[in-house]
Chemist: 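Please find one structure pasted underneath; my questions will follow.
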Protein chains: 2
Amino acid sequence: MTEPTPRRAPAGAAVLREDVTEAIRAAVFEELAAVGFARMSIEGIARRAGVGKTAVYRRWKSKLSLVLDLVGAFAAQGLPAPATGSLYGDVRALLEVASHALRHPVASQVIPDLLVEAARNPEIAEAVTAALLDGQQGVVTQIVREAAERGELPEDTDPGRALDLVVGPLYWRLVVVRTPLPPGYVDDLARSAVAALKA
Amino acid sequence: MTEPTPRRAPAGAAVLREDVTEAIRAAVFEELAAVGFARMSIEGIARRAGVGKTAVYRRWKSKLSLVLDLVGAFAAQGLPAPATGSLYGDVRALLEVASHALRHPVASQVIPDLLVEAARNPEIAEAVTAALLDGQQGVVTQIVREAAERGELPEDTDPGRALDLVVGPLYWRLVVVRTPLPPGYVDDLARSAVAALKA
DNA sequence: TCACGACGATACGGTTGCGTTCCGACGTGG
DNA sequence: CCACGTCGGAACGCAACCGTATCGTCGTGA
């Protein structure tokens, strides 16, 4: 007489298993990309990760804290500021990194999804701001400051507006319009952004 | 003996009542802004509109067709193209209209929510594109063409990229960053966009 | 005048996810 | 060597919403 139901795989030990934790993390990103934060469920995450619901609840107390934790981990990474020696070079490098990130299929779904959710949930707003916006703002602020020191930009250039001019068009194109970028688009965009900043 | 439960209000006639239809429409926008498309339910709409679920199902067969119908109604309106006689004036007028729309609390929630949903649902994508993006693209295309005729822009200016440069920064600022606009921001942005286009 | 059909209300069975609680299996650290 | 605590799995009661059906009420158009 064989087992009527297939026996489950060997279980863990008296310590949270890191491979299980990692599987959950990965599943959250996939689920977030596939259905969005609003539709995402703990059951769906556990199903996708191939773990029990209990494994999730043992680590996080809710869907929100789970996502906040993951987003926070992103924030800790930080974003390296380019220092190419010219405003155009710096802007172009920043746009290159950003366009690479926003073309990633998971990121291009997750980021706007969380941004929309942030408009309804202050906790998400804070986490996303810290993870994405603050980093970009910091980089742009530094780029502007260095350009001002070189005399490429006026001293009183507003870094906030600079961020809008540099990142706004790319985000609009990649996330809102969602049309493929023609060759040389990022270069053209960097050129346009520099012209806009100097105006 | 009085009524144990309060009797319901007088009911309708053998024709779909327009006031009920309108109440549902309004409730959909409010619900869409409050909880988003993903979380929105027919029951919630009926509750908010103060009507029975049947009144909704009598008009639309699903949440999706309901939203598609409403979005489609927006598309029909069309967007007037400014003709101020100068590229700066036209761009400024367009940004003025757009910033006014995106500052409306309902629109600033509903539009990005539907755009995110559009990335997952082709039907929503088509409706939103027709309702919002095509209109804006058309206006920008005309503005660019007229500016080219005046010699303000090169003949080969790409209208698609022009839309990115004009609308992108404003959308980023109002919908993504969600920071209040300083005085004169739209004027500065129009100036910057014109400089970017000419570069 | 009166049949028709929309109205709100209510109830139905079904589905999904919630958060919790068991369970037996299992491996690690004391 | 063995107690501890995690493992996946299963089931729990609860809540919300689905889409449909059936009420009695009531206004309109023929």
Side-chain angles (χ1 to χ4, degrees), chain A residues 1-28 30-32 34-69 117 120-121, chain B residues 1-28 30-32 34-69 117 120-121:
Chain A
M1 176 96 75
T2 59
E3 306 289 351
T5 55
R7 300 313 297 141
R8 65 183 187 76
V15 171
L16 291 177
R17 275 168 47 191
E18 187 56 33
D19 59 330
V20 170
T21 306
E22 203 43 54
I24 296 173
R25 274 198 249 266
V28 169
E30 293 169 20
E31 199 75 2
L32 215 43
V35 305
F37 180 82
R39 275 185 264 260
M40 190 176 73
S41 70
I42 300 282
E43 303 220 1
I45 293 165
R47 212 178 301 135
R48 188 186 288 267
V51 306
K53 257 203 299 187
T54 46
V56 180
Y57 280 109
R58 216 170 273 128
R59 291 165 172 79
W60 296 276
K61 73 178 211 298
S62 68
K63 174 172 91 167
L64 178 60
S65 56
L66 174 46
V67 169
L68 291 180
D69 186 31
E117 217 60 51
R120 295 193 187 94
N121 186 320
Chain B
M1 177 93 78
T2 59
E3 307 289 351
T5 57
R7 300 311 297 142
R8 65 184 186 76
V15 171
L16 291 178
R17 275 168 47 190
E18 188 56 34
D19 58 332
V20 169
T21 306
E22 203 45 52
I24 296 172
R25 273 198 251 265
V28 169
E30 293 169 20
E31 200 75 2
L32 215 44
V35 304
F37 180 82
R39 275 186 264 260
M40 189 176 71
S41 70
I42 300 283
E43 301 220 358
I45 292 166
R47 211 178 304 132
R48 189 186 287 268
V51 306
K53 260 202 298 187
T54 46
V56 179
Y57 280 109
R58 215 169 274 128
R59 291 167 172 78
W60 295 277
K61 73 179 210 298
S62 69
K63 174 171 92 166
L64 178 60
S65 57
L66 173 46
V67 168
L68 291 180
D69 185 32
E117 217 60 51
R120 295 194 186 94
N121 186 319

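Order of the sequence lines fixes the chain letters, A, B, ..., with proteins taken first and strands second; residue numbering starts at 1 for each chain. Treat the numbers as computed from the prediction; the structure is a model and nothing was measured.
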Chemist: Would you tabulate the pairs of protein nitrogen or oxygen atoms and nucleotide nitrogen or oxygen atoms of nucleotides 28-30 of chain D closer than 3.5 angstrom?
Modeler:
none

Chemist: Indicate the atoms forming the closest heavy-atom contact of B:A46 with B:V56, along with that distance.
Modeler: CB-CG2, 4.2 Å
Chemist: Can you give the dot-bracket line for DNA chain C, where a pair is Watson-Crick or G-U wobble with both atom distances under 3.5 Å, crossing pairs use [ ], and | marks a partner on another strand?
Modeler: ||||||||||||||||||||||||||||||
Chemist: Measuring from atom CG of A:D19 to atom OG1 of A:T21, what distance do you get when rounded to the nearest 0.5 angstrom?
Modeler: 7.5 Å
Chemist: Quick one, A:L64 with A:F37, criterion side-chain contact (heavy atoms from CB on, under 4.5 Å). Give me CA distance, side-chain angles, the key distance, then yes/no.
Modeler: CA-CA 9 Å; A:L64 178 60; A:F37 180 82; 4.2 Å; yes
Chemist: Rounded to the Å, how far apart are A:W60 CH2 and C:dG19 P?
Modeler: 15 Å
Chemist: Taking atom NZ of B:K63 and atom CG of B:L32, what is their separation to the nearest 0.5 Å?
Modeler: 9.0 Å
Chemist: Separation of A:E18 atom CD from C:dG27 atom C1', in whole Å?
Modeler: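 A:E18 atom CD is separated from C:dG27 atom C1' by 17 Å.
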Chemist: Using the closest heavy atom to pick a nucleotide of DNA chain D for each, name whichever of B:M40 or A:T54 lands nearer the 5' end.
Modeler: A:T54
Chemist: For DNA chain D, determine which residues of residues 41-50 of chain B have any heavy atom closer than 4.0 angstrom to one of its atoms, and list them numerically.
Modeler: B:S41, B:I42, B:E43, B:R47
Chemist: With side-chain contact (heavy atoms from CB on, under 4.5 Å) as the criterion, how do A:V28 and A:R25 come out once you've worked through the C-alpha distance, each side chain's angles and the decisive distance to 0.1 Å?
Modeler: CA-CA 5 Å; A:V28 169; A:R25 274 198 249 266; 5.8 Å; no
Chemist: What closest approach, in Å, do B:S41 and B:G44 show between heavy atoms, and which atom pair accounts for it?
Modeler: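 Smallest interatomic distance, heavy atoms only, reads OG-N, 2.9 Å.
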Chemist: Using the test salt bridge (Lys or Arg N to Asp or Glu O under 4.0 Å), find all partners of A:K53 that sit at least two apart in sequence or belong to another chain.
Modeler: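 A:E43.
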Chemist: Heavy atoms only, 4.0 Å cut-off, all strands: where does B:S62 land among base, sugar-phosphate and nothing?
Modeler: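 It contacts nothing in the nucleic acid.
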Chemist: Using whole Å, what does the distance between atom C1' of nucleotide C:dC7 and atom CG of B:D19 come to?
Modeler: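 Atom-to-atom, B:D19 to C:dC7, this comes out as 10 Å.
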Chemist: For B:R59, check salt bridge (Lys or Arg N to Asp or Glu O under 4.0 Å) against everything at least two apart and list the hits.
Modeler: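 If we apply the salt bridge (Lys or Arg N to Asp or Glu O under 4.0 Å) test to B:R59, skipping adjacent residues, there are no hits.
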Chemist: Nearest 0.5 Å, what's the CD1-CD1 distance between B:I42 and B:I45?
Modeler: 4.5 Å
Chemist: Under 4.0 Å between a side-chain N or O of B:R58 and OP1 or OP2 of C:dC7?
Modeler: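 Yes, within the criterion.
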Chemist: Got a second to check how far B:E31's CD is from B:R47's CZ, nearest 0.5 Å?
Modeler: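 These two atoms lie 7.5 Å from each other.
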Chemist: What's the CZ-C1' distance between A:R17 and D:dC7, to the nearest Å?
Modeler: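 Taking CZ of A:R17 and C1' of D:dC7, I get 6 Å after rounding.
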Chemist: In whole angstroms, how far is the C1' atom of C:dC22 from the NZ atom of A:K53?
Modeler: 13 Å
Chemist: Separation of A:K63 atom NZ from C:dT16 atom P, in whole Å?
Modeler: 17 Å
Chemist: Can you list the residues that meet the side-chain contact (heavy atoms from CB on, under 4.5 Å) rule with B:A38, with sequence neighbours excluded?
Modeler: A:A38, A:R39, B:E117
Chemist: Within this structure, what is the OH-to-C1' distance between A:Y57 and D:dC12, rounded to whole angstrom?
Modeler: 14 Å
